[in-house]
Amino acid sequence: MRGRVAYFGVFTALALIFSYIETLIPLQFGIPGVKLGLANLVIVLALYKMGTGEAYLLSVVRVLLTGFLFGNYFSIIYSLAGGLLSLSVMALLRKNGGFSVMGVSLAGGVFHNIGQLIVAMLVVETFSVIYYVPVLLIAGMLTGLLIGIVSNEMLKRLVNISM
Amino acid sequence: MKIGLKKKDWVLIIIIVCVAGLTVLVHTFIGGKGANRVVVKIEGAIQDTYSLSEEGDYEINGGTNILQIRNGKASMVEADCPDQLCVHQKPVSLNRESIICLPNKVVVEVETGTSREFDAVTQ
Ligand SMILES: [Zn+2]
């Protein structure tokens with residue numbers, strides 16, 4: 001139990017660091033809220049090593065802390081919508097079986113962007129954001145795949161550590 | 001490069017690429033040339049309509065954002081929002097293209113108005 005709490009703390013710290021690094025990278029897709037999703041790496045690891053419940057808790061804690069530290073009220077809502085939708089899809093695919101870590105992660109990347117798009121659509125009350133869908137899908141897929149490959153390598157090395 | 005993708009992963013990738021391709025097709029059908037005006041919406045309600053052929057700078061939303069029309073293209077040149085994403089967005093000129101300022105809830109959308117409709121707006 002103490003080990004779990006310690007690991008959770010390490011994961012939270014890592015997620016925060018990644019979120020911070022991401023605010024420093026001037027990578028803009030020109031679309032509100034769309035980012036590389038580096039912190040998703042930690043969420044994927046938590047999902048596989050700790051379980052669904054812990055991954056959800058980590059996701060919410062990360063979004064709130066990052067929002068208060070580096071963002072604003074808007075960024076919290078977008079990140080939360082993207083993060084929770086993404087995690088729900090990833091948990092579902094992982095449970096369903098037949099998907100590799102890469103597959104789970106790329107689906108997560110795609111739905112992360114879809115979640116944010118839905119919020120954007122509700123806020124500005126227009127469907128014109130649909131124009132961004134192709135870019136969002138492909139960008140989410142590629143970044144998700146990349147994060148999946150890295151996660152997969154890390155999970156291989158963490159195989160003997162139980163959390 | 002062997003990265004260990006499974007069969008279901010590939011199915012997922014193919015579905016995503018197909019959906020993306022399909023939406024591009026839909027856009028080419030509803031979008032394209034012939035757009036002649038820019039509609040400014042705040043929280044979904046139309047505030048102003050400007051002609052794409054008339055160059056000018058326009059204050060919108062009481063001055064929180066400044067819209068510029070040059071060479072038949074519309075762009076956001078100034079905004080007081082914290083993220084500045086709208087200012088970084090590329091100029092829009094095609095039908096249904098839009099620039100969004102999420103924090104200020106401003107949408108600038110390119111449209112094709114029929115000439116009669118358009119006359120009614122400019123009069
Ligand atoms: Zn803006």
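So that the names make sense, note that chain A is the first sequence line, chain B the second, and so on, each numbered from 1. Quick note: numbers below take in every heavy atom, side chains included, and nothing from hydrogens, waters or symmetry partners. Just so you know, these numbers come straight off a predicted model, no measurement behind them.
Between the side chains of Thr66(A) and Tyr20(A), no donor N or O sits under 3.5 Å from an acceptor N or O. Side-chain contact check for Ser100(A) and Asp9(B): at least one donor-acceptor pair (N or O, by modelled atom type) lies under 3.5 Å. Side-chain contact annotation: Asn104(B) with Asn61(B), donor-acceptor N/O pair under 3.5 Å absent. For the residue pair Asn96(A)/Lys8(B), the side-chain donor-acceptor check at 3.5 Å is satisfied.
With hydrogens and angles ignored, the 3.5 Å screen pairs no side-chain donor or acceptor of Ser59(A) with any backbone N or O of Ala55(A). Side chain of Asn65(B) to main chain of Ile60(B): no donor-acceptor pair is present (N/O by atom type, distance under 3.5 Å, no hydrogens or angles).
With a 6.0 Å radius and a threshold of 12 heavy atoms from other residues, nucleotides or ligands, Phe111(A) has its CZ atom at or below the threshold.
For Pro103(B), the parts sitting under 4.5 Å from any heavy atom of chain A are the backbone and the side chain alike.
Listed in order of number, the residues of residues 67-75 of chain B that approach chain A to under 4.5 Å between heavy atoms amount to none. Chain A is approached within less than 4.5 Å, heavy atom to heavy atom, by Ile13(B), Ile16(B), Val17(B), Val19(B), Ala20(B), Thr23(B), Val24(B) from residues 13-24 of chain B, ordered by number.
Annotation: salt bridge (charged side-chain N to carboxylate O under 4.0 Å, His left out) contacts involving residues 131-152 of chain A, sequence neighbours excluded, are absent. Residue pairs meeting the salt bridge (charged side-chain N to carboxylate O under 4.0 Å, His left out) criterion with at least one member in residues 54-77 of chain A, sequence neighbours excluded: Arg4(A)-Glu54(A).
In this structure, OH on Tyr50(B) lies 10.5 Å from CG on Asp57(B), to the nearest 0.5 angstrom.
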